Amino acid sequence: MPSGRPLAASLALACGLLLLPGPARAAQEGQLSTRWGAGLDRSRVHPEHPKPQFQRADWLSLNGEWDYAVQPLLAPPPGTWQGKILVPFPIESALSGVQRRVADDQVLRYRRPLVVPPEWRGQRLMLHFGAVDWQATVSVDGQAVGSHQGGYDPFQFELDGALADGRPHELEVAVWDPTDRGPQPRGKQVTRPGGIWYTPTTGIWQSVWLEAVPPTYLADLELRGSYLQGALELEARADGPVDGLELEVVARLGSTEAFRARGVFAGDGRLRLIAKVPEPQPWSPDSPTLYDLELLLRRGEQVVDRVQSYFGLRDIQIGPDDAGTPRILLNGEILFQFGPLDQGFWPDGLYTAPSDEALRYDLEVTKRLGFNMVRKHVKVEPDRWYSWCDRLGLLVWQDMPSGDRYIGPGDADYERDADAERIYFAEHQELVRDFGNHPSIVVWVPFNEGWGQFATARVVDWLRRLDPTRLVDSASGWADRGVGDLHDIHAYPGPAAPPVEPGRAAVLGEFGGLGLPLPGHTWQDQENWGYRSFEDAASLTAAYLGLIGSLRPLIHDGLCAAVYTQTTDVEVEVNGLMSYDRAVLKMDPAAVREANLKLYLPPPTLRPVLESSRLTPQPWAWTTEAPADGWPAKGFDDAGWQRGLGGFGRPGTPGAVIATEWLGADIWLRRGFIWKGPLPEGDLHLRIHHDEDAEVWLNGQLIAELAGYTTGYLLLPLGADARALIQQGVNQLAVHCRQTGGGQFIDAGLVAVSEREPEPGEH
């Protein structure tokens, strides 16, 4: 999300549609909480299996209360611990029971007893961590087990099998996290939160668990299901002696066996298997079909390991429509993708949802509101979040969490040092490999708005080699380099679309940001903000519906996807569809759903009434001197005005295509056109790109008053009265634009927009 020109949200409101009993409070007075956090059973914290796509029967959750201490970085382990912390909630969160910051010159230490069931004797012991931010060192009974760097990826260590004696042992974890003082991926975490920057997370923030595996076990699994090929490609790796080792794969659809296949492991412990799927059923948002998968590691007839998983059959690619415009294809069919920007923060748990039910709830609301996609913004979620997307039918655009330094929209790529590059590639590779089995993930986003953007073309090529089954959105917003599968712009409030180009799909990676603070449901009582602020639910809903109405015609022009900011409020940012505590849905859900579902219909038909200069410069009469009264009317004498081609503005203005330079404070434009015969069918829209405030007249009648600025062309519905203003013969379009700071640009035209009925089989 951009940091430019936010409008402070100074007005509050007391009405809205309550989804939940509101607002629940945590133990600390005044602490904003969710209902799941308020009702948390501290003896049963995230008890579900953390990896739904890789489950064994013998496992033990280590979530719950641990001892903790915060010490100077080089201090020895403490003799006395400072209290209890509830794992897996970060120490900065209310649900951790601590709620304190850890500086970059401090270390956070954890301790808990570890009791391994004696019936696990003879098996190998794997200690799993869902995620620890950022550098973790693990020991058992004072002996080092291993260390790990990376704040978002799951990792594991093998423990000594002798620990399976039923007696208590001592497990310790030491964590160091530089937050925004280092180059590592960290997303929106900062030491001084405010605006679009939020409270940091330090230490363990996803589940910890212990697992028993046999001496030879299935260590790794990659699944690639293709509907168009009707096949599952599987790559597996076994750890331990592999002589005579086979893998049997049994796939089921409901209670029916879909197929069964076997393969033999090579001497290096690896196996690649391609299984044809009879009568394949596709995974899609409309029909999120998943096949259950049982993986049996065999030596002859003996089953030595058993893992439960699942997969979906799904293909994502770029292809042309009938007009040759690049479109995003899901399973070979055009599908417009639309979803919210999802930051994944919680008022009581910060990076960690209070429960699996809470994790699922955000996605259920997203689906219920008619979205078919979600963009996970500069954060990685626990595996269960992606599993819920798989099961609910939500496409996922997955960002790489941002880190390091920033570049501006016009800057060259940043040159990272060798260590920062190593960290980036290591953590991004883990993201792709650890979560690549989920059919819901369809797009990787390596960079957002220039945050740490370096070697863009090289990163895209590397990603495509690493995962050729998904699209790459090389740079969401700002610094596009002409590479990757998508050309992605951001426009607040928007909407807008990048120009259509061969081979890449045009997408709107962020827009909206409509803000509404709700008393009793905000992170703080005052000084909350949104990109645009509203006073009540009705005006907010009306503004949202206006944005979606303007978004719809852009699909005809080639727009393939859009991301609305955002799922929930986050700390002082009140741009959410829901309040931060998830107690209030701010808009009329039926109206939102109805508008959203229209986006998936076949693209509307657009017929120009008066061309803008978006594609070809158009002639205007113009002046920067205030004209006499009546200047917008048809009969006004503009003979003394200058003549020039649109658009008009300052070079470097985002999204502007400038033919005539305009640097002053105000500009007045007139353009005559002749119309003969009936107007094209459809509603009349104004196509306009304005920076900043603009007024537009048609035949002397004011048809639009527009505040603020855009970063691209909008299509604004004008209504039946404006359509009736167009006369046979000569007509006049007149525009006034004023500019106060930053970029500046103005151009306009008129378009008729009409819908068509979908053909059989179309969405």
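Everything numeric in this text was worked out from a predicted model, so none of it was measured. Excluded from the calculations below are hydrogen atoms, water molecules and symmetry mates; all remaining heavy atoms, backbone and side chain alike, are included. Numbers here simply count residues along the sequence, with the first being 1.
Within 6.0 Å of CD on Glu501 lie more than 12 heavy atoms contributed by other residues, nucleotides or ligands. Within 6.0 Å of CD in Glu233 there are more than 12 heavy atoms belonging to other residues, nucleotides or ligands. Around CD of Glu235, the count of heavy atoms belonging to other residues, nucleotides or ligands within 6.0 Å exceeds 12. Shown here is Arg405, whose CZ atom has no more than 12 heavy atoms of other residues, nucleotides or ligands within 6.0 Å.
We find the CZ-CG distance between Arg186 and Asp404 to be 9.5 Å, quoted to the nearest 0.5 Å. Atom NZ of Lys379 and atom CE of Met400 lie 15.0 Å apart (nearest 0.5 Å). With rounding to the nearest 0.5 Å, the separation of CZ in Arg391 from CZ in Arg360 is 11.5 Å. Rounding to the nearest 0.5 Å gives a distance of 10.5 Å between CG of Leu394 and CZ of Phe371. Atom CE of Met373 is separated from atom CG of Asp342 by 11.5 Å, given to the nearest 0.5 angstrom. In this structure, CD1 in Ile441 is found 9.0 Å from CZ in Arg314, a value given to the nearest 0.5 Å.
Using modelled atom types and a 3.5 Å distance limit, the side chains of Asn331 and Glu333 yield no donor-acceptor pair. Using a 3.5 Å distance cut-off with no hydrogens or angles, the side chains of Ser284 and Asp286 do not pair a donor with an acceptor. Counting only N and O atoms by type, the side chains of Ser612 and Tyr713 include no donor and acceptor under 3.5 Å apart.
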From CA spacing to verdict: side-chain contact (heavy atoms from CB on, under 4.5 Å), Leu577, Leu369: CA-CA 10 Å; Leu577 296 161; Leu369 289 176; 4.2 Å; yes
Ring pair (Phe, Tyr, Trp, His ring centres under 6.0 Å) between Tyr227 and Trp283, intermediate numbers included: CA-CA 8 Å; Tyr227 169 67; Trp283 183 95; over 10 Å; no
Residues Arg593, Asp588; criterion salt bridge (Lys or Arg N to Asp or Glu O under 4.0 Å); working and verdict: CA-CA 9 Å; Arg593 177 178 173 82; Asp588 178 348; over 6 Å; no
Salt bridge (Lys or Arg N to Asp or Glu O under 4.0 Å) between Arg552 and Glu755, intermediate numbers included: CA-CA 10 Å; Arg552 174 88 178 118; Glu755 297 287 351; 2.7 Å; yes
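The two residues Val442 and Ile316 come nearest to each other via the heavy atoms O-CG2, 3.8 Å. The nearest pair of heavy atoms linking Pro446 to Trp444 is CD-O, 3.5 Å. Annotation for Asp488 and Asp473: closest pair OD2-OD2, 2.5 Å, computed over non-hydrogen atoms. Of all non-hydrogen atoms in Thr456 and Ser474, the two that sit nearest each other are CG2-CB, 4.0 Å. Leu718 and His685 make their closest contact through CD1-C, 4.0 Å (heavy atoms, listed as atom of the first residue, atom of the second, distance). The two residues Leu341 and Val563 have their closest heavy-atom pair at N-CG1, 3.5 Å.
For residues 428-437, the pairs satisfying side-chain hydrogen bond (donor to acceptor under 3.5 Å, both in side chains) are Tyr424-His428, with sequence neighbours left out. Residue pairs meeting the ring-ring contact (aromatic ring centres under 6.0 Å, His included) criterion with at least one member in residues 382-411, sequence neighbours excluded: Tyr386-Phe435, Tyr386-His438, Tyr406-Trp451.
Taking the six-membered ring for Trp and thresholds of 30 and 60 degrees, Phe345 and Tyr351 have ring planes more than 60 degrees apart, a perpendicular arrangement. Taking the six-membered ring where tryptophan is involved, the planes of Phe511 and Tyr564 are perpendicular, since the angle between them exceeds 60° and thus also 30°. Ring geometry for Phe336 versus Tyr600: interplanar angle of 30 to 60°, hence tilted.
Residues Leu471 and Ile318 form a side-chain contact, since some pair of their non-hydrogen atoms from C-beta on lies under 4.5 Å apart. Side-chain contact between Ile688 and Leu706 is present, with at least one heavy-atom pair separated by less than 4.5 Å. Within the 4.5 Å cutoff, no side-chain heavy atoms of Ser402 are placed close to those of Glu449. Contact check for Gln281 versus Tyr291: side-chain heavy atoms found under the 4.5 Å cut-off. Ile746 has its side chain out of reach of Asp691: every pair of non-hydrogen atoms, C-beta onward, lies at least 4.5 Å apart. Taking the side chain as every heavy atom from C-beta outward, His689 and Arg614 never approach each other to under 4.5 Å. Under the 4.5 Å side-chain criterion, counting only non-hydrogen atoms from C-beta, Pro52 is in contact with Asp383.
Pro553 pairs with exactly one of Thr605, Leu715, Leu716 by the side chain to side chain contact (heavy atoms under 4.5 Å, CB included) rule, that one being Leu715. Partner of Asp485 under the salt bridge (charged side-chain N to carboxylate O under 4.0 Å, His left out) criterion, out of Arg327, Arg470, Arg464: Arg464 alone.
A salt bridge is defined here as a Lys NZ or Arg NE, NH1 or NH2 lying under 4.0 Å from an Asp or Glu carboxylate O, and Asp747 with Arg687 fails to meet this definition.
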